[in-house]
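Notes follow once the structure below has been shown.
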Amino acid sequence: MLKTETADLWWKSAVIYCLDIETFFDSNGDGVGDMTGLAQRIDYLAELGVTCLWLMPFYPTANRDDGYDIIDYYGVDPRLGTHGDLVELVRTAKDRGLRVIVDLVTNHTSNQHPWFKAARSSKDSPYREYYVWRDEPPEDTSDEVVFPDAENSLWTYDEKAGQYYLHNFYSEQPDLNITSPAVQGEIAKIIGFWLELGIDGFRVDAVPYMIETRGVADRWAKEFGDPHVYLKQLKAFMGRRRGDSIMLGEVNVPYETMFEFFGGPDGDELTMMFDFELMQRLYLAFAREDTAPIIETIQRRPQLARHSQFANFIRNHDELTLDKLSDEERQEVFDAFGPEEDMQLFGRGLRRRLPPMVAGDPRRMRMVYSLLFALPGTPVLFYGEEIGMGENLDVEGRLAVRTPMQWTDAKNGGFSSAAPSKLPRPVTQGAFGPDHVNVAAQRQDPDSFLNFMTLLARRYRECPEVGMGNFEILEHDVKEVLVHRSTWDPFGGGRSSSVLVHNLSPRATRIKVRLEGVDEGLEVADLVSGERHTIGRSGQLELPVDGYGYHWLRILYADDSRLV
Ligand code: GLC
């Protein structure tokens, strides 16, 4: 094994930051964020400790789904910039040590995409087979639609085509027929194109829908036998073009199925996947102030190949889905964090950010984000989380959490100098608006949430055992406090081992755990507070924990040469 593993498997100790260029920073005063604006803010992100950007779709779009309905996969939305601006942005990011991944949305196109326009115009069009059609009226699929506010079937009749077409999302987003060799060729070309421009990989949208067999089952069976064969081929193609590129998949399915999307023990499909299951159980655990849902879930995670990785998150750009919880559990989370109907969406999720959910309690917020960085896996932040931004419930649906980034307390939160009516959507108001929550003020305050998040990112990077190592849950008898230990022994002898402690409740307590194989008299250093504790007999560690307290305890082995 190489000592350079943290660089070779860079995604396993990365800090990923998701943003939408449209709402990040407007450099030319037209009201819309742009690539040049983001390039000007790369130093800010580098200082925060971000190592990889995930750019939400920036392609030309009909904008039915905030960019997730693409009309040209090779283009750049002219409101956001040009290819030249993008190359400058990527180059600037690389110069500051940041990688860049981009959304790959190939389950569907926009219905305004030239492929769909051609496809519907004639049965003889070569593009007809790019989509999934049927003649017979469809069965009832109303309970399967993703956006129940707008759709009641997965199939829509197209007058011009004289057939029904498949769409898992909005009817303006017709599903591509991935079994078509022509479509497969297009997807490979798209991947190749962006890699050539210096992109480090993709956040792959809606993967289970992309390789589903609905409407094309016979063809899947004929061409591949198993749709996963296609994912393996796609990943292998990407790897041939660029060896250290990654695919971070959106795959909200139970662990057993996720494991298949990783490519099982071989890990030859998606490199990473968001852990939707754990995210939902985290909220349940926070609501109950009980670690059991976290422990039970994390122990169910499948054992992945060495290069595969889970991505952890507290917030993403969609509704905070709670679809994997039982009705009662979901209600518990709603009661605790989003009791009003307007805070909920589609009956299955929340359209709030974390700080307002916990009434801005700084201790609780810090504990939650400390846990995000401490969990086994790679943390993914959604822009604005680092300063504790809130949502704007006056903004429709999922977009409530996609308000402009809050840079200063000036007009439009310093996002843009344009008239507020020109902005993609209004800035958040009230207690979490720019008057109270903004980057500039927090940069001046050593005690700010921003500086705390910067410290967490630094500690996470200094503790590769968290992202790269194995973990165990340490048993003890305070159910409110999660204690886990991450260990990485990459070079044989140069052990890295940390004990991570998180109190989900506001009550102070004391914990007592046993650290296997750790000799009496060794010390642990708290990487957040600077305190030290000595290990007692039989590896015993005893420790007071504040309400919502957290500790990153590095075991100081005699042979450890790290800075602590
Ligand atoms: C994914 C995206 C979501 C989008 C949908 C359709 O779920 O996260 O924002 O609406 O795909 O592309």
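Heads up: numbering here begins at 1 and tracks the sequence. Whatever order the structure lists them in is the order used to number ligands and atoms, beginning at 1.
- If you check the side chains of Glu385 and Tyr369, you find a donor sitting under 3.5 Å from an acceptor.
- Heavy-atom separations between Phe147 and ligand 1 include at least one value shorter than 4.0 Å.
- In summary, the side chains of Tyr17 and Glu386 do present a donor paired with an acceptor at a separation below 3.5 Å, with no hydrogens or angles considered.
- Here Arg64 does not pair with Asp69 in a salt bridge; the nearest charged N to carboxylate O distance is not below 4.0 Å.
- Looking from atom 10 (O) of ligand 1 to the surrounding protein, the closest heavy atom is Asp65 OD2, 2.5 Å.
- Under 4.0 Å from ligand 1, the heavy atoms of Arg203 that appear belong solely to its side chain.
- The protein heavy-atom contact nearest to atom 7 (O) of ligand 1 is Glu250 OE2, 2.8 Å.
- Within the listing of ligand 1, atoms 6 (C), 12 (O) sit less than 4.0 angstrom from a heavy atom of His108.
- For ligand 1, the atoms closer than 4.0 angstrom to any heavy atom of Arg402 are 9 (O).
- Heavy atoms of Met56 come nearer than 4.0 angstrom to ligand 1 in no pair at all.
- Of all protein heavy atoms, the one closest to atom 1 (C) of ligand 1 is Asp205 OD1, 2.8 Å.
- Taking a cutoff of 4.0 Å between a charged side-chain nitrogen and a carboxylate oxygen, Asp200 and Lys94 qualify as a salt bridge.
- Between Arg398 and Asp65, at least one side-chain nitrogen of the basic residue sits less than 4.0 Å from a carboxylate oxygen of the acidic one, meeting the salt-bridge criterion.
- The residues Glu196 and Arg241 are annotated as not salt-bridged, no charged nitrogen and carboxylate oxygen being separated by less than 4.0 angstrom.
- Near Arg398, the atoms of ligand 1 lying under 4.0 angstrom from a non-hydrogen atom of the residue are 3 (C), 4 (C), 9 (O), 10 (O).
- The existence of a salt bridge linking Arg134 and Glu139 is confirmed by a sub-4.0 Å separation between a basic side-chain nitrogen and an acidic carboxylate oxygen.
- Salt-bridge annotation for Lys422 and Asp26: absent, with no side-chain N of the basic residue lying under 4.0 Å from a carboxylate O of the acidic one.
- Residue-ligand proximity: Arg64 is placed with every non-hydrogen atom at 4.0 Å or more from ligand 1.
- With hydrogens left out, the protein atom closest to atom 8 (O) of ligand 1 is Asp318 OD2, 2.5 Å, a heavy atom.
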